Amino acid sequence: MKKMEHISKIKHFCLCLLLLITSMGFAQNKFFSGSVNDRDGNPLVGALVSIKENPRTKVFTDKEGKFEIPGEKGQTLEITTANQLFKSFHLDTDKMTVKMDESDKLIPIGYGMELRKEELTSAIGFVEADELNQSSAINPANTLYGKIPGLTVLEKGGTNWNNNPNLYIRGVETFGIGGFSNTNILTIVDGFEQPISSLSTAEIESVAVLKDAAALAMYGMRGANGVLLVTTKKGKGKNLSVDVNYEHGITKAFRLPQLLDSYDYANAVNQARSNDGLTPLYSQSALDRYKSGVSPYLFPNVNWLNESLNEFGMSNKFDISFQQQAGSIRSFTVLNYENETGLLKPVNLNPGYSTQIGYYRFNFRTNIDIDLTKSTKFSVNLAGNIGESTRPSTLNDESDIFSAIYNTPSLAFPVKTRDNIWGGSSTFPTNPVAMISSQGYNVLGNSEISTNFILEQKLDKIVKGLSAEAGYSYDKSFEYLDIRSKQYKYKQVNPVLDPSTGAITDSVSTLYGNNTALAFSHAVPVQRQRTTGLLNLKYEADWNDNVFRSNILLQSEELILTGQNNTYRHELAGGNVHYSKGGKYFADLSLSYNGTNVLPVESRFGLFPAVSVAWKLSNEKWLIGSPIINDLKIRASWGLSGNDQVIQNISTSPFIGAQGYYFTANNIYNYGYTEGRLASTPLTYETSNKSNIGLDATLLGMIDLTTDVFYDKRTGILIESTGTTSGVIGAYTPYSSTGIVENKGFEAGINLYRNKGNFTYHLGGQLSFAINKIINMNEAYQPEDYLKRTGHSIGQAFGLQSIGFFKDAADILASPKQTFSIVQPGDIKYKDQNIDGVINSYDQIPIGYSTLNPEFYFSGSIGCEYKGLGFDALIQGTANQTIYLNTPSLFWPLIGNTTITKFSDNAWTPATAGTATLPRLTTLGNANNYQPNSTWYANGSYLKLRSVQLYYDLPKQLLSKLKLNKTRIYVEGLDLFSVDNIKVADPEAIGTGYPTVSTILLGAQIGF
Amino acid sequence: MRIMKRNIIIVLVLGLFISYGCEDIKLGDNFLEKAPGVDITKDTIFSNITNAQNFLWGGYRTLPYGLNTSAPGYKYQCMYADVLECLTDLNQSYAGWTGSTNYYNGSYTAASEDWHGTKYGYTDYQAWAGMRICYLFMENIDKVPNVDQAYKNQLKAEARMIIATNYTDLYRNYGGVFWINHAYTTNEEISSFPRLTAQATCDSIVAMIDKAVPDLPWVIADQETWEGRFTKAGALGLKARVLLFNASPLFNSSTPYLAGKASDQKLTWHGDYDNNLWKKAADAAHELIVDVESTGDYKLYHIDGNTFRQDFQGAYYLRGNEEILISTRYTYKSDASPTGYMFIASSGPADQDYGSSGWGCGNVTDDYVEMFPMANGLPINDPASGYDPANPYANRDPRLYETVMTNGDAFRGRTLELYMGGRERPSAGNNAAVTGASVRKFILDADPTTSLGSVIQWPYLRLPEIYLSYAEASNEFEGAPSAEAYRCVNIVRKRVGLGDLATGLSKEQFREAVITERALEFGWEGVRWYDLIRWKREGDFTKTLHGVNIVRSSTTPYTFTYTKFDLPARFWKTSWSPKWYLSAFPLSEVNKNYGLIQNPGWE
């Protein structure tokens, strides 16, 4: 509350400021006119044309792209198009023709600053709202699949609203220890750190990915994993415009496992027991009954998927946005509402509430820029959201339910017994349908508010070209959890059969549990509060054909997560100098000095320099006017970047309570203390030494090409020293900042765009490749070279190499001894890598690739439009990734009272020994077959249709009659299919979590 | 002018805005200081005596504890549910998955050392951790205010004894080891700690003990609160134990037990035979014996009116009895649930009263049963002993019945049924009591109403061992048993009612008698293994061990027939190597390349 008061006080100040300062008139001498066109010669309509020295003088280009503006010779004219192309030049001639293309695109480079693409010397990937909107998603991170070269987005599964994909920039080049994750990238929204999931897609103008040292230098100790810069929309149109969007979606599970029915399950169990030398569990008469389904209560055959899940779920999304540029105020406001209804089926069995998995969220944002005077600009961004999700009240999350659905055999019990009590049994603990409908429900609500203020003051009166900027940001969010849980009664019914005839004579039943009333409890699981202050002093000058820009930055930030021991503080002082000559030679020098509170005093500050240069060859005389190469620039950068994500409080050794001692024959416990892990010193941040060479080109007037090659070397990674420090020290060995990982790769993006009258089309492709190699991880001694993790990539899969299945007892006798469990025919036979006659963990070799991230990440897009009717599609894929297939039931059947799916159809039996691809079935844990081994490592590559859209824009003539702007209706499909090797599950989410979904959307956009 | 004024106002407002808005956002080093917390640091520990003592109690927790425990605590399990006797001729574990398996089948190697499946996990057994605690304690205890120096010195002496005790067991399992003489600090080279020869390791342990002795109390005055802390008597006893090991032929010999680099550097022997080492061992033991007998505070446990069995049971079981020199503890009481108390479940027979089939770790060999003499003191193979093979458990050394559950002995108010099909051995498939006998020591009658849930200890060192050690060492040094040596052995025998040892024994006969006496007195107390290795008794490792199948007649009155059978042969029987006398250093340690030389035979 106190914070809110502060904010309102600040607002008061701003209002006073407005009242205090009156605007100021000035002289206008002369009119200049011109036209603005795109590279194909089409007029650019609605571009903002203004005089830099006098920001209130502004006009917009008309339908022919023409403008007329009052000004003085020598003043600076600035042109900004609706799609963020920007050009500025000194007024010289009365009439001018301005051609603007991709190289004029304004690219955010951090801390609220932008550069034209042409001026960039660093590697920055970029995507704009139009493209993001092709992939509707609650969490904007899920619109980024395959959109930016160098950004790997990996789906993790889970419900649409909890689905935070893993984001990696240029792969992975560090590893956490002891479960501590340090691969997180930094996400910045409008200059201040904030999770992208806090936003709705409707708020976002663009997303940039900072990749090389030059781009990351100003983020110093926090930039080594890369930075995602999100820019929200600003008011920029001439008149008040209102855009309304509505979307209705139908969701369907992407892939569900094919669980076996009762008859097949019983046969599989009998087969497994026969393999184990046990008697069949199901008699022929029982099998017959399961097959015929004549006794659905005593010999049930329940398809738990059908009973638990609806075919379709549903989503709705509505947003309305307003933007205007009026006088000295520009504003953008959006209200966004989205909801989603999950796939659960038996959700309405309780009066008064539903147990459906569902979600709604309401987002709002207002971004206001005010020109207080001709030299003062004030910006306020105010945003927030409230949301709520509901789900059945299970212990953990919805994965409990899906784990029950996937693991309960069809014949376990009927959904309900004949007397309408939930079916259940002592062997199979959970009835999925009862779990969904009769355990009550949880509500998890969240709310979040974020504000930031930026005051910009030009200080030309002091020094020409000098300006200062002060910013302040405050962001707070919390979650509350309401639990309304109850228990249900269930009944196990077993038939009694006549031993001679096999006829059902009676049944025996047992009751378990009780139906209880809802019990209430609540918690506040997560709170987050972030405060940032920023001062930025800028200076720019140009003379002849030289441009000089520089800035000095001071920033201080504090993040408090739930609890005081989770306080993270950073401070930064940095500077950047940019120089260019003749539009041909560009150079940047950046330096930042950073401090963090997670490191001890002697190492908490670090210095991060970067240099970068670019040469725009296409502006050289000998290339100007080339019909083939329209635009060509080469870039090179080198610099350092840091990562301070290390475990907190490890630079001193903690003392902790320990097991004590009993003296005397009396029960007096004398508590013990012991020492924790030894102090990890010297402790430092990770340093990434990054080099990058890049090329940007436009060829044949329609092909844009950008490509980068990089080499990074990350040092100072926190690693264990157990493997190299003697045990005689008698203490938990300290961590040491001596890990080294090398990461190299390239990325390329190509776009072909053509606009020919009524017909436009585009084709695009992106390819990212990153491969890392562990150079040092203080690895413990390994008796064989092939066991070493060093030299492989982070997350490299290791396992035994399967060489088929044991044929018979003689085969077992003749083979090296396998030590995990007693083997028999049908068990996996492993290769003895070290030829010592024994198969044990020393026979593990690297198999496939990393299970963490793919080496190749690529996408292709295609789109065309004719007279308003258009089509867009995006496919995205990965290669060189390995998946460990270890999900119970789905891949590992029957063990520990689970069920079996069609995946196991080709399991070894004596009859199919020659062709089987999977080991024999067993109901007992089989330590031999379920060792990590090549049988269970699969190729994780896939190619997915991420989005496909068909739209129709109402014709302009009709729109102008209706006084409408761009108005569109569309139908869209998301994640419709995948080509992969897994086939029975989504290759990106093979576990028993909430299924990933395919979505069909119908939507309409109206602008007026 | 007007413009200037406006700009001044704006700059002013800008400044206000920044200073106001950034109230809790600052620049400078202070901003990055750690927020106050509740972390416990070294300063917290050594700011008052209670915390400091608690830190030392954490050190006590690392003392050797020979009974298996239910869960890894500070002191981890040794050989899972097995005990050290499972590797000797006294006992055969049948569990199949416990630590002894790797020794029985010869699969133990340097690569498989250092976890709680081995007899003494090099680092897993927490000896080094205990030493670190003690050095940290000694280096910091003087900071604690308001404690008199004498008490601080006593605490330091206790810390020295924890170090010495842990080193004694490292020495007995590994020979010469790295000598830790201060608490390691991060980034220090391990080579700053010296690797000592076997003799130097022993000398360092003795020096450590000698330094502790003056500051330790002879007995603990406040028995009600502090019984179990180190005493001077315990310190002198430990010194006698380590010197006897040091003088024994494993190290004290004209030839190394096995050639190798470690032998070359005298890490695993002394380089030659030195008879004087026996004298040192004898003197150390006798010093304690003289002190004990002159003060009267310590003596072999005996209560007037007790049976011999009750005396013997009390001697090893009761905390704070007057013959315990060093006692270590893991819990307060044995677990009150019969299956929860690991030693019963693992080592006891099938227990139908409490639904436990027994794991079979404590199957006593018939060879051990046969070592016990008759109650009259004569060995069973003496024709005059009165031994009846048809009734083998009658009239034996009382210690037999307290150490081993024998068929027909009293148990829970009934008789033990160790015959095939009996309550203790219900089916052939059981692993427990397969040898026809099962451990009783520490289990007593395994009755929740009586013995279970009673206070338990591990009697690491008892006074009788000192008497027997003196007898053994003086016999070796003097070349023949002296009257004092006989007296010392007979003190031990007399407590359980056995007559005096026959006189006129040769040096070798007397030695054998003492070793046997030690086996009878200290079964399941972790003594036998070290006796076998220090005397390099290869024959006891390679001999065929036996069990007994007991069959009850089908009609009453029941009679029993006893049929000996051979136990499954251990790997050692055919493939013995002297390398097994000492443990292998874990391969993971050797390969860290800080100068650790592997013990002979394990390279």
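Only a predicted model underlies this, so the values are computations on that prediction, with no experimental measurement involved. Labels below follow one simple rule: chain letters A, B, ... track the order of the sequence lines, proteins then strands, and each chain is numbered from 1.
Interface remark: B:Tyr60 contributes backbone and side-chain atoms alike to the contact with chain A (heavy atom separation under 4.5 Å). Both the backbone and the side chain of B:Asn51 come within contact range of chain A, judged by heavy atoms closer than 4.5 Å. For chain A, the nearby parts of B:Glu224 are the backbone and the side chain; heavy atoms of each come within less than 4.5 Å. With a 4.5 Å cut-off on non-hydrogen atoms, B:Tyr122 touches chain A through its side chain but not through its backbone. Neither the backbone nor the side chain of B:Thr185 comes within contact range of chain A; no heavy atoms are under 4.5 Å apart. For B:Leu136, the part sitting under 4.5 Å from any heavy atom of chain A is the side chain, from C-beta outward, and nothing else. For A:Thr722, the part lying near chain B is the backbone, with the side chain staying farther off; criterion is any non-hydrogen pair under 4.5 Å. Contacts of B:Ala111 with chain A are made by both backbone and side-chain atoms, with heavy-atom separations under 4.5 Å.
Ring centers of B:Trp128 and B:Phe178: at least 6.0 Å apart, outside the cut-off. Between A:Phe655 and A:Tyr673, a ring centre-to-centre spacing not shorter than 6.0 Å is recorded.
Atoms OG1 and CD, on A:Thr684 and A:Glu602 in that order, are 9.5 Å from each other to the nearest 0.5 Å.
Listed options B:Ile220, B:Thr123, B:Asn591, B:Val177 were ranked by heavy-atom pairs under 4.5 angstrom with chain A; first place goes to B:Asn591. Between chain A and the residues B:Thr225, B:Val455, B:Ile180, the most heavy-atom pairs under 4.5 angstrom are made by B:Thr225. By number of non-hydrogen pairs under 4.5 angstrom with chain A, the leading residue of B:Thr328, B:Asp114, B:Leu596, B:Thr44 is B:Thr328.
Residues in residues 654-665 of chain A take part in no salt bridge (charged side-chain N to carboxylate O under 4.0 Å, His left out) pair, two or more places apart or across chains.
Under the rule for a salt bridge (charged side-chain N to carboxylate O under 4.0 Å, His left out), B:Arg319 has no partner lying at least two apart in sequence or in another chain.
When all heavy atoms of A:Thr664 and A:Ile668 are compared, the closest pair comes out as OG1-CD1, 4.4 Å.
Judged by the 6.0 Å distance and 45° axis criteria, B:Arg61 is positioned over the aromatic ring of B:Tyr330.
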